[in-house]
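In what follows, a structure is listed as structure tokens, so that the remarks can point back to it.
For ligands, and for the atoms within them, numbers begin at 1 and follow the listed sequence. Atom set for the values below is all heavy atoms of this structure, side chains included, hydrogens, waters and symmetry mates excluded.
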Amino acid sequence: MDDLDVTGMMNDLRRRLKPYDDPRRKISDMPENGMKKEDILGQLRKYAETENEPWKHGMVSGAVYHGGDELLDFLEKVYHIYSQSNPLHPDIWPSLTKMENEIVAMSSGIMNGGESVRGSVTSGGTESILLAMKTYRDYYRSVKGISEPEIILPTSAHAAFLKACDYFCMKPVFVELDHEFRVDVEKVREAVNHNTVAIVGSAPSFPYGIIDPIEELSRIAAEHNIGMHVDACLGGFVIPWAEKLGYHTGKFDFSLPGVTSISMDTHKYGFGPKGTSVLLYRNSDLFQQQIYANGTWQGGIYFTPTMAGSRPGYPIVAAWAVMMIMGRKGYMESSRKILETGKFIKEGIRKIPGISILGDPLWVIAMSSEKGGAYRIMDIMGKKGWMLSGLANPPAFHIALTMRQTYPGVREKFLEDLRSSVEEASMGSRSEAGMAPVYGMASALPEEQVSFFLKNIVEWLYSQ
Ligand SMILES: Cc1ncc(COP(=O)(O)O)c(C=O)c1O
């Protein structure tokens, strides 16, 4: 890696991530006199106008999962009613606990959970995963005396599981994927030992959109009396309807006796605003381990089901409200549109020489290029306005299809741009925009230097 590469990359990153870096407009100190409301709103509108364009046109992978005007208008009204609420105070806002319980019940219902299922709403997929892993650590410490807990993770499991291992001093035990990008079940079986507290399977995985063999994994978990967490953060509001719509998914929920917890994100395909996910446990013994309760604090009796103390009530109410207006039929319909778009795009990609789909996903579609030019293709797509997600090991990128890509003309444009990007990349077009160079750079560094490199980028991002 020479200096020139780094300078070029940082300049590209600056254009993309710090476009407002004009020193004359920097705010480094609080204004003496408050600004006028109209001026503040004007400034915000200016930012949002530019930044909302890409997702509104369906050119962003994931990120905004619905974004329809009518839904957004409705959510604004909900915000207006519940903007000040905080579930930390169930005595002031008992309706929040009621709605949170109803979200858990509705989610459990679509996951074939029974009466014994317990759970809560968290701030997002990562918090659901962190809490589930902490729960398994504490539960198996209490029932089996495990003091050096290990979690078995497919290499495709979300980074949040590694974060959990980091935060809660647990050991991640990685298991490779098979040629279909599903975790290798036999290797999972071999990885179980007396310290294992949980096996993880994704439905589907973030990088490849592929559903792990949950049925087999849950069998192994049940045989060894250990936890089995299904990460349905991405798929929780799509997969329950996929089979009925004619797509093969296999069983993945509480109908499998070995599945002991499930995370599913209301703020992704549940179409709620950002800030909610649902974490479900098969029974209250597990849920008990998630709860923090303290009766001796000088500040009084204190208890929280999740990590935060005060929590915004609005996202919970909004997630509840969206579930109520969508209903099962609404989610079936959104899933139908998204899955059909996935089918169309997969068929289209298969006709483009020089690029291939990793495995056989449904609607989160990862691509790589035989000639190793995946990041270059992603980069050229970036120049055409597409904001896709880079993947590593192997170098690849994906598009997570949302409602935004189901609008007329978007899927055709994606395929047209992908075809021309693959052609341009094969002609040796240089990598020079967006996040692609960071992926390229990270993949070129020795493993032990990658997190140092990324931490420096984050520090740069969070400094004025
Ligand atoms: C499969 C999966 N799990 C977990 C997460 C983490 O979710 P969040 O970003 O809401 O924390 C994601 C995010 O995309 C995901 O795709």
Side-chain angles (χ1 to χ4, degrees), residues 55 60-66 103 107 111 119-134 151 153-167 172 177 181-183 198-214 217 228-240 242 249 252-253 259 261-280 306-308 311-312 315-316 318-319 322 338 342 358-359 361-366 387-392 396-402 404 435 458:
W55 68 256
V60 176
S61 167
V64 177
Y65 293 81
H66 192 293
I103 291 175
S107 305
M111 289 294 164
S120 66
V121 175
T122 71
S123 63
T126 298
E127 192 187 356
S128 288
I129 289 168
L130 292 174
L131 284 169
M133 296 303 105
K134 189 200 87 68
I151 297 170
L153 292 176
T155 51
S156 56
H158 194 272
F161 291 98
L162 298 178
K163 198 175 188 177
C165 290
D166 218 46
Y167 281 12
L177 309 183
F181 291 82
R182 292 152 46 104
V183 73
I199 298 175
V200 170
S202 309
S205 69
F206 169 80
Y208 311 116
I210 304 269
I211 305 170
D212 282 317
I214 306 293
L217 296 179
M228 163 82 212
H229 182 80
V230 175
D231 177 6
C233 285
L234 262 185
F237 289 87
V238 178
I239 302 180
T249 60
F252 77 106
D253 58 19
V259 170
S261 59
I262 300 177
S263 49
M264 51 197 290
D265 288 0
T266 25
H267 74 185
K268 292 192 176 78
Y269 293 93
F271 305 139
K274 279 286 172 276
T276 58
S277 162
V278 185
L279 175 55
L280 303 172
T306 61
M307 289 197 178
R311 286 193 288 163
I316 297 173
V322 176
I338 290 166
L358 302 181
L362 290 174
W363 79 100
V364 178
I365 304 165
M387 302 176 92
L388 307 173
S389 294
L391 309 172
F397 61 89
H398 82 201
I399 181 161
L401 300 171
T402 68
R404 308 309 302 177
M435 294 300 286
V458 175

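Residues forming a side chain to side chain contact (heavy atoms under 4.5 Å, CB included) with Ser389 (at least two apart in sequence, or on another chain): Ser61, Phe206, His398. For Pro361, the side chain to side chain contact (heavy atoms under 4.5 Å, CB included) criterion is met by Ile210, Lys346, Ile357, Ile365, not counting sequence neighbours. Partners of Thr249 under the side chain to side chain donor-acceptor pair (under 3.5 Å) rule, at least two apart in sequence or in another chain, are Glu243.
Across Leu234 and Ser205, no two heavy atoms sit closer than the pair CD1-O, 3.9 Å.
We find the CZ-CG distance between Phe252 and Asp231 to be 11.5 Å, quoted to the nearest 0.5 Å. To the nearest 0.5 angstrom, Thr266 atom OG1 is 12.0 Å from Tyr65 atom OH.
For ligand 1, the 4.0 Å heavy-atom shell contains residues Gly124, Gly125, Thr126, Ile129, His158, Pro204, Phe206, Asp231, Cys233, Leu234, Asp265, His267, Lys268.
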